[in-house]
Amino acid sequence: MRLSRYFLPTLKETPSEAQIVSHRLMLRAGMVRQASAGIYSWLPLGFRVLKKIENIVHEEMQAAGAQPVLMPTLQTADLWRKSGRYDAYGPEMLRIRDRHDRDLLYGPTNEEQITTIMRDDIRSYRDLPRNLYHIQWKFRDEIRPRFGVMRGREFLMKDAYSFDLDFEAARKSYNIMFVSYLRTYARMGLKAIPMQADSGPIGGDLSHEFIILADTGESAVYADKRLLEMDPRADDIDFDADLEPIVKQWTSLYAATDEKHDPATCPLSADEMIEARGIEVGHIFYFGTKYSEPLGCTVSMPDGEKRLLHGGSYGIGVSRLVGGIIEASHDDAGIIWPDVVAPFDVALINLKSGDEACDAVANDLYAKLGDAGVEVLHDDRDERAGVKFADMDLIGLPWQLTVGPRGVKAGTVELKRRAGGEKHELSIDSALSRILDFET
RNA sequence: CGGAGCGUAGCGCAGCCUGGUAGCGCAACGGUCUGGGGGACCGUAGGUCGCAGGUUCAAAUCCUGCCGCUCCGACCA
């Protein structure tokens with residue numbers, strides 16, 4: 001993509017409404033613009049990141065056996081009256097009325113809807129287990145939206161729903177999601193720690209929040225140091241195997257947010273523990289027959305008995321992750337994207353656009369990288385060097401490849417890694433092969 | 001929802017207290033010079049001062065109501 005033609009409205013100054021760093025950087029990097037409190041438009045650069053995260057979530061969900069669907073944003077009030085949540089949900093639910101005076105709502109979540117789908121089309125115990133998910137916009141009329149996309153009213157969420165015959169089977173489905181989540185976050189370059197959460201009226205221990213560590217996180221986190229050394233992507237996972245040992249391995253180590261942490265009962269000594277701040281980016285829970293019962297979601301057993309299905313739901317805040325990743329990965333100059341979610345792989349900076357020799361080298365690099373499938377943002381604008389470097393540091397692409405008259409004369413270009421900032425003068429070919437070796 | 005603050009050019013802000021018809025920096029546009037980390041100079045353009053009402057000869061400024069946005073707290077992917 002040529003930057004001269006790309007809609008990338010970067011800002012030198014921070015708009016006054018933005019307080020936390022991810023919000024400031026997202027506005028300054030031209031990723032989003034606020035439409036109203038807690039509601040954002042995604043501009044080209046931000047939209048690319050959102051899609052990258054979405055793709056990773058899709059891949060990891062499907063690797064874990066979940067199947068993608070797409071349910072509507074608008075739901076009928078009747079559906080929610082059946083589960084009792086139409087009244088229970090309170091003012092956080094956005095209620096709408098159509099031209100026939102029928103009550104609708106903008107979905108804050110989809111348990112009722114998916115349970116209805118399963119009820120209508122699953123008849124036999126043989127059809128289980130099932131796990132369906134979608135990535136869809138949600139609306140929750142938060143009392144106080146804040147922190148940019150981190151707590152919006154309209155937000156993009158992945159929500160998966162598992163259906164099983166009984167608790168033991170549901171626990172297996174839960175474990176699959178547990179392990180899948182660890183791998184998903186790790187793949188995005190995030191250190192996520194699962195923490196036991198309140199599981200509501202159902203009870204039991206099957207509810208976990210996934211918290212990523214970031215200095216600017218909303219809540220304090222206390223966790224066993226060993227959790228940081230565990231790599232969920234180290235081993236190949238067979239999702240058909242018994243995952244209980246892996247889950248145990250994680251859940252047996254101490255981890256708590258400040259609401260639950262009690263120094264008096266904490267088993268860790270100070271040097272065994274990390275104190276950090278965290279952001280919740282996922283939440284999984286088992287809820288048994290909470291929805292299958294009121295909605296009548298059953299299957300026939302071998303003996304003809306009708307059995308209520310046991311459900312679980314599993315959320316990942318996709319749009320929140322965009323902010324979360326920035327919170328976890330930035331410096332004074334701007335964003336530092338982990339490679340896999342970066343909107344482009346390489347910032348190709350032509351320091352003297354219009355100069356024949358520089359243009360030739362830059363265009364050649366652009367073509368070769370593009371042919372190899374590397375995504376390049378080519379800064380071909382007629383701007384001063386400082387402006388280009390500042391913009392590229394701000395938007396945080398993993399590589400900066402600088403072509404300038406000085407280097408071109410000597411047959412070299414400069415390759416900079418955004419994370420770490422180390423720069424190298426390299427021959428054009430070796431710069432190229434260094435990027436290609438890494439990216440392909 | 002309780003508490004606090006803000007709303008003046010695209011962005012960041014001053015002016016308001018003490019009423020006299022709007023200004024600074026950046027950005028934009030035209031030009032000259034410049035050219036490896038947000039450069040310099042000259043010029044140009046851009047405003048229902050959030051909205052409505054009131055007080056006054058006169059309101060960005062004082063008063064009332066409303067709207068919007070932000071922050072702190074209780075709640076949440």
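In the text below, chain A, chain B and the rest are named by the order of the sequence lines, each starting its count at 1.
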Trainee: Step by step, would you call A:K388 with A:D391 a salt bridge (Lys or Arg N to Asp or Glu O under 4.0 Å)?
Mentor: CA-CA 5 Å; A:K388 297 190 175 204; A:D391 269 344; over 6 Å; no
Trainee: Applying a 4.0 Å non-hydrogen cut-off, can you work out what A:G407 is touching in the nucleic acid: base, sugar-phosphate, or nothing?
Mentor: base
Trainee: Touch check for A:D391, heavy atoms < 4.0 angstrom, all strands: base, sugar-phosphate only, or nothing?
Mentor: base
Trainee: Roughly how many Å apart are B:rG10 and B:rU18, using the C1' atom of each and rounding to a whole number?
Mentor: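 About 33 Å, rounded to a whole number of Å.
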Trainee: Rounded to whole angstrom units, what separation is found between the CD atom of A:Q400 and the P atom of B:rG37?
Mentor: 13 Å
Trainee: Polar-atom pairs under 3.5 Å, protein N or O versus N or O of nucleotides 1-3 of chain B: list them with distances, or write none.
Mentor:
none

Trainee: What's A:D382 touching, base or sugar-phosphate or nothing? Going by heavy atoms closer than 4.0 Å.
Mentor: base
Trainee: Base, sugar-phosphate, or nothing for A:P405, non-hydrogen atoms under 4.0 angstrom?
Mentor: base
Trainee: Backbone N or O of A:M93 within a donor-acceptor pair of the A:R140 side chain at under 3.5 Å?
Mentor: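 No.
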Trainee: Does NZ belonging to A:K138 count more than 12 external heavy atoms closer than 6.0 Å?
Mentor: yes
Trainee: Identify, between A:E92 and A:A18, the residue whose nearest nucleotide on RNA chain B lies closer to the 5' end.
Mentor: A:A18
Trainee: Please state how far atom CD in A:E414 lies from atom P in B:rG37, giving the value in whole angstrom units.
Mentor: 10 Å
Trainee: If the C1' atom of B:rA22 is compared with that of B:rU48, how far apart are they to the nearest Å?
Mentor: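 It comes out at 14 Å once rounded to the nearest Å.
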Trainee: Paired with B:rG5: which nucleotide, if any, by Watson-Crick or G-U wobble criteria at under 3.5 Å for both distances?
Mentor: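 B:rG5 is paired, partner B:rC69.
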Trainee: For A:W250 and A:F178: C-alpha separation, side-chain torsions, deciding distance, then whether ring-ring contact (aromatic ring centres under 6.0 Å, His included) applies.
Mentor: CA-CA 10 Å; A:W250 285 83; A:F178 187 102; 7.4 Å; no
Trainee: Counting the atoms with a prime plus P, OP1 and OP2 as sugar-phosphate, which does A:R28 contact under 4.0 Å by heavy atoms, base, sugar-phosphate, or nothing?
Mentor: base
Trainee: Examine B:rC13: is either OP1 or OP2 under 4.0 Å from a nitrogen or oxygen in the side chain of A:S16? Give yes or no.
Mentor: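 For B:rC13, OP1 or OP2 has a side-chain N or O of A:S16 closer than 4.0 Å.
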Trainee: Between B:rC49 and B:rG20, how many Å separate the two P atoms, rounded to a whole number?
Mentor: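 It comes out at 16 Å once rounded to the nearest Å.
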Trainee: Rounding to an integer number of Å, can you tell me how far A:F147 CZ sits from B:rC75 C1'?
Mentor: 13 Å
Trainee: When you compare the side chains of A:H310 and A:S162, does any donor N or O come within less than 3.5 Å of an acceptor on the partner?
Mentor: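 Side chains of A:H310 and A:S162: no pair found under 3.5 Å.
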Trainee: How many Å lie between CG on A:L27 and P on B:rU70, as a whole number?
Mentor: 11 Å
Trainee: Regarding A:G404, tell me which of base, sugar-phosphate or nothing describes its non-hydrogen contacts under 4.0 Å with the strands shown.
Mentor: base
Trainee: Measure from the ring center of A:Y174 to the ring center of A:Y286 and say whether it is less than 6.0 Å.
Mentor: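 No.
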Trainee: Tell me the partner of B:rC62, counting only Watson-Crick (N1-N3 plus N6-O4 or O6-N4) or G-U wobble (N1-O2 and O6-N3) with both under 3.5 Å; none if nothing fits.
Mentor: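 Partner of B:rC62: B:rG54.
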Trainee: For B:rA45 versus B:rC26, give the span between their C1' atoms, rounded off to a whole number of Å.
Mentor: 16 Å
Trainee: What residues, two or more places apart in sequence or in another chain, satisfy side chain to side chain donor-acceptor pair (under 3.5 Å) together with A:T116?
Mentor: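 A:T116: no side chain to side chain donor-acceptor pair (under 3.5 Å) contacts found.
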Trainee: When the P atoms of B:rA77 and B:rA40 are considered, how many whole Å apart are they?
Mentor: 49 Å
Trainee: Given the structure, check if the side chain of A:K409 and the base of B:rG36 hold any donor-acceptor pair shorter than 3.5 Å.
Mentor: no
Trainee: What is the pairing partner of B:rG35, taking Watson-Crick or G-U wobble pairs with both distances under 3.5 Å in any strand?
Mentor: none
Trainee: Can you list every pair that meets salt bridge (Lys or Arg N to Asp or Glu O under 4.0 Å) and has a residue in residues 6-28 of chain A, with sequence neighbours left out?
Mentor: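 Matches after skipping sequence neighbours: none remain.
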Trainee: Under the criteria of a ring-centre distance below 5.5 Å and an interplanar angle below 30°, is A:F155 stacked with the base of B:rA77?
Mentor: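 The ring of A:F155 is stacked on B:rA77.
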Trainee: Write down the distance between CD1 (A:I395) and C1' (B:rG38), rounded to a whole number of angstrom.
Mentor: 15 Å
Trainee: For RNA chain B, determine which residues of residues 49-70 of chain A have any heavy atom closer than 4.0 angstrom to one of its atoms, and list them numerically.
Mentor: none
Trainee: Assess whether atom NZ of A:K225 is packed by more than 12 heavy atoms of other residues, nucleotides or ligands within 6.0 Å.
Mentor: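 Above 12, so yes.
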Trainee: When you measure from the centre of the six-membered ring of A:W399, is the NZ or CZ of A:R418 closer than 6.0 Å and no more than 45° off the axis?
Mentor: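 The answer is no; the distance or angle limit is not met.
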Trainee: Hunt down the Watson-Crick or G-U wobble partner of B:rC26, both distances under 3.5 Å, from any strand shown, or write none.
Mentor: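 Per the H-bond distance test, B:rG10.
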Trainee: Identify the residue among A:R81, A:K82, A:R85 that makes a side chain to side chain donor-acceptor pair (under 3.5 Å) with A:E112.
Mentor: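 Result: among A:R81, A:K82, A:R85, A:R85 is the only option passing the side chain to side chain donor-acceptor pair (under 3.5 Å) with A:E112.
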Trainee: Run the numbers on A:H23 and A:Q34 for side-chain contact (heavy atoms from CB on, under 4.5 Å), then give the verdict.
Mentor: CA-CA 10 Å; A:H23 191 196; A:Q34 182 164 327; 4.1 Å; yes
Trainee: Just wondering, more than 12 heavy atoms not from A:F239 lying within 6.0 Å of its CZ?
Mentor: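 Atom CZ in A:F239 is packed in, count exceeds 12.
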Trainee: What's the CZ-P distance between A:R384 and B:rU34, to the nearest Å?
Mentor: 11 Å
Trainee: Measure NE2/A:H134 against C1'/B:rA77 and give the value in whole Å, please.
Mentor: 13 Å
Trainee: Return the value, rounded to whole Å, for the distance between atom CZ of A:R406 and atom C1' of B:rG35.
Mentor: 11 Å
Trainee: Any base atoms under 4.0 Å from A:G152, or only sugar-phosphate, or nothing? Heavy atoms, all strands.
Mentor: base
Trainee: Report which part of the nucleic acid A:A390 touches: base, sugar-phosphate, or nothing (heavy-atom distance under 4.0 Å, all strands).
Mentor: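 A:A390: base contact, heavy atoms under 4.0 Å.
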Trainee: Would you please confirm or rule out a distance under 4.0 Å between OP1 or OP2 of B:rG68 and any side-chain N or O of A:Q34?
Mentor: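 Negative; the distance criterion is not met.
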Trainee: Take atom NZ in A:K191; do more than 12 heavy atoms of anything else shown fall under 6.0 Å from it?
Mentor: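 Result for NZ/A:K191: enclosed.
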Trainee: Need one value for A:V318: base, sugar-phosphate or nothing, where a base atom within 4.0 Å counts as base even if backbone is also close, heavy atoms only.
Mentor: nothing
Trainee: Go through the N and O atoms of the side chain of A:R140 and the base of B:rC76, and report whether any donor-acceptor pair is under 3.5 Å.
Mentor: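 No such pair is found, so the answer is no.
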Trainee: When all nucleic acid strands are considered with a 4.0 Å heavy-atom cut-off, which category describes A:T109: base, sugar-phosphate, or nothing?
Mentor: nothing
Trainee: Please give the nucleotide sitting opposite B:rC16 as a Watson-Crick or G-U wobble pair, both distances under 3.5 Å, or none.
Mentor: none
Trainee: List the steps, then state whether ring-ring contact (aromatic ring centres under 6.0 Å, His included) holds for A:F344 with A:Y6.
Mentor: CA-CA 13 Å; A:F344 295 90; A:Y6 196 57; 5.6 Å; yes
Trainee: Tell me which nucleotide, if any, is Watson-Crick or G-U wobble paired with B:rC49 when both distances must be under 3.5 Å.
Mentor: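 Across all strands, not a single nucleotide pairs with B:rC49.
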Trainee: I want to check something: taking the side chain as every heavy atom from C-beta on, are A:I395 and A:P343 in contact at a cut-off of under 4.5 Å?
Mentor: no
Trainee: Using distance alone, with no hydrogens and no angle criterion, decide if A:E111 and A:T109 have a side-chain donor and acceptor under 3.5 Å apart.
Mentor: yes
Trainee: Tell me if the CD atom of A:E422 is crowded by more than 12 foreign heavy atoms within 6.0 Å.
Mentor: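 Atom CD in A:E422 is crowded, with more than 12 foreign heavy atoms closer than 6.0 Å.
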Trainee: Mind listing the N/O atom pairs, protein and nucleotides 42-48 of chain B, below 3.5 Å?
Mentor:
none

Trainee: Please write out each protein N/O paired with an N/O of nucleotides 24-29 of chain B under 3.5 Å, distance rounded to 0.1 Å.
Mentor:
unit_1: B:rG25; atom_1: N2; unit_2: A:E13; atom_2: OE1; d: 3.0

Trainee: Does A:R24 contact B:rG12 through a side-chain donor or acceptor facing the base, at a distance under 3.5 Å?
Mentor: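 Flag unset: no donor-acceptor pair detected.
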Trainee: Using the P atom on both, measure B:rG25 against B:rG19 and round to a whole Å.
Mentor: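 Roughly 28 Å separates the two P atoms.
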